[in-house]
Amino acid sequence: MSGAAFPPRMRVILLGPPGAGKGTQAARLAEHFRVARISTGDILRRNVSGGTALGKQADAFMKAGKLVPDDLVIEMVKARLAEPDCRGGFILDGFPRTVAQAEALAKITTIDHVVNMFLEPEELLKRSIGRRVCPKCEAVYHILSNPPKVDGVCNRCGTTLIQRTDDAREVVEARILEFESRTAPLVEFYRKKGVVRQVYAAGIIDEISHRLFEAVKAP
Ligand code: AMP
């Protein structure tokens, strides 16, 4: 026996198109394995609503469903990964999204698992358009598959739920195109490193979580 496993094997990337359920599952994974969750979309949205310099630069890209420039996002993630709560492992939700981001990440840290969440393309639009989010605690719901207990109200903190502006149909379509051209190639990038785990992302949310938990336990 070589003693306790160190460094931790819970440095995980969730890959998948908009609407695959990355946000919901990243939160569950992070809670289950008690590791940090890093959602670049959430960090960017906080910067936009806080009116920071980064938020001002990112806003127009996000509204159009385009990716925010690599250099901005890479600096943001570098700073976040240096925080102490990431030492025990992390779930990256929405990063990397380009090969340049993946290359930059490789210089900062090793990745243990890249979970590729896949599902039928025709499901994606439905999922994003039905999504509702809590602007306060960032909990994610879906009007059909994961409704809040009280219509339009967050279960956790009681705040009125909203629809993300980039969940409008035309913007979701632009985000899916960005994914296909710029993010999908990452599956091949990571396949070469032998860390890709395929997880089918349709069905009941608990079952999908179970598939993910199993996938990241793989050696
Ligand atoms: P998400 O919440 O992950 O769907 O991200 C929402 C939006 O934030 C995306 O459509 C992009 O405009 C921007 N964004 C989030 N993560 C990244 C990233 N890694 N690279 C570039 N843009 C990003």
Side-chain angles (χ1 to χ4, degrees), residues 12-30 36-50 52-81 86 90-109 111 114-117 119 123-135 137-142 161-187 189-190 201:
V12 176
I13 292 170
L14 286 193
L15 267 186
K22 294 188 299 296
T24 302
Q25 297 298 342
R28 287 171 161 232
L29 266 176
R37 173 193 168 201
I38 304 171
S39 157
T40 43
D42 281 350
I43 302 174
L44 287 167
R45 278 185 287 278
R46 271 178 239 143
N47 276 275
V48 171
S49 59
T52 67
L54 170 61
K56 285 185 182 130
Q57 286 172 284
D59 194 26
F61 293 100
M62 295 172 76
K63 282 203 179 107
K66 299 276 182 197
L67 293 185
V68 172
D70 285 335
D71 50 343
L72 297 179
V73 186
I74 289 167
E75 279 315 305
M76 190 179 93
V77 171
K78 231 185 212 175
R80 180 66 187 89
L81 283 173
C86 294
F90 51 80
I91 313 291
L92 277 169
D93 160 16
F95 183 93
R97 265 176 151 108
T98 63
V99 171
Q101 292 178 16
E103 283 167 348
L105 181 65
K107 292 192 186 130
I108 310 171
T109 182
I111 294 297
V114 174
V115 180
N116 184 38
M117 296 176 67
L119 77 166
E123 282 294 309
L124 299 176
L125 255 183
K126 274 192 256 167
R127 291 221 191 164
S128 294
I129 290 168
R131 172 159 56 189
R132 298 292 179 273
V133 295
C134 175
C137 75
E138 294 166 351
V140 182
Y141 301 88
H142 189 279
L161 301 178
I162 57 165
Q163 183 174 32
R164 276 169 44 176
T165 49
D166 64 348
D167 278 340
R169 174 181 285 268
E170 319 75 66
V171 187
V172 174
E173 283 167 352
R175 288 165 56 212
I176 292 173
L177 287 179
E178 282 283 77
F179 171 80
E180 284 167 357
S181 63
R182 303 187 62 193
T183 308
L186 289 182
V187 178
F189 177 94
Y190 285 113

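Both ligands and their constituent atoms are indexed starting at 1 by order of listing. All residue numbers in this chain count up from 1 along the given sequence.
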Do Ser39 and ligand 1 have an N or O pair less than 3.5 Å apart? no
Pairwise side-chain contact, Val68 with Met76, heavy-atom cut-off 4.5 Å (strictly under): no
Looking at Asp166 and Arg131, is any side-chain nitrogen of the basic one under 4.0 Å from a carboxylate oxygen of the acidic one? no
Checking salt bridge (charged side-chain N to carboxylate O under 4.0 Å, His left out) between Asp93 and each of Arg37, Arg28, Arg80, which is the one that passes? Arg37
Can you check whether Ile38's main-chain N or O pairs, donor with acceptor, with Asp42's side chain at less than 3.5 Å? no
Given 3.5 Å as the limit, does a donor-acceptor pair link the side chain of Lys78 with the main chain of Ile108, or not? no
pair Leu124-Arg127: side-chain heavy atoms closer than 4.5 Å: no
So, does Arg164 sit close enough to ligand 1 that a heavy atom of it is under 4.0 Å from the ligand? yes
Regarding ligand 1, does Asp42 bring an N or O atom to under 3.5 Å of one of the ligand's N or O atoms? no
Look only at the side chain of Gln163 and the backbone of Ile129, and say whether a donor-acceptor pair between them is shorter than 3.5 Å. yes
When you compare the side chain of Tyr190 with that of Ile13, does any pair of heavy atoms fall below 4.5 Å? yes
Counting only heavy atoms, tell me which of Met62, Lys63, Gln101 gets closest to atom 8 (O) of ligand 1. Met62
Element-labelled atoms of ligand 1 that are located less than 4.0 Å from some non-hydrogen atom of Asp166: 6 (C)
Thr40 heavy atoms within 4.0 Å reach ligand 1 at atoms 15 (C), 16 (N), 17 (C), 19 (N)
Using a 4.0 Å heavy-atom cut-off, which part of Glu178 comes near ligand 1: side chain, backbone, both, or neither? neither
Using distance alone, determine whether Pro96 and ligand 1 share an N or O pair under 3.5 Å. no
Protein heavy atom at shortest distance from atom 22 (N) of ligand 1: Val68 N, 3.0 Å
With only distance considered, is Phe61 within less than 3.5 Å of ligand 1 through an N or O on each side? no
Proximity winner for atom 1 (P) of ligand 1, if only heavy atoms of Arg182, Glu138, Arg175, Arg97 are counted: Arg97
What's the shortest distance from atom 12 (O) of ligand 1 to any protein heavy atom, and which residue and atom give it? Lys66 O, 2.7 Å
Just heavy atoms, cut-off under 4.0 Å: does Val73 contact ligand 1 by side chain, backbone, both, or neither? side chain
For ligand 1, which part of Asp70 has a heavy atom less than 4.0 Å away: the side chain, the backbone, both, or neither? neither
In this structure, atom 19 (N) of ligand 1 is nearest to the protein heavy atom Gly94 O, 2.8 Å
Under the criterion side-chain contact (heavy atoms from CB on, under 4.5 Å), which of Leu15, Leu14, Leu186 is the partner of Asn116? Leu15
Is the closest basic N to carboxylate O distance between Arg97 and Glu178 below 4.0 Å? no
For atom 14 (N) of ligand 1, what is the closest protein heavy atom, and at what distance to 0.1 Å? Leu44 CD1, 3.5 Å
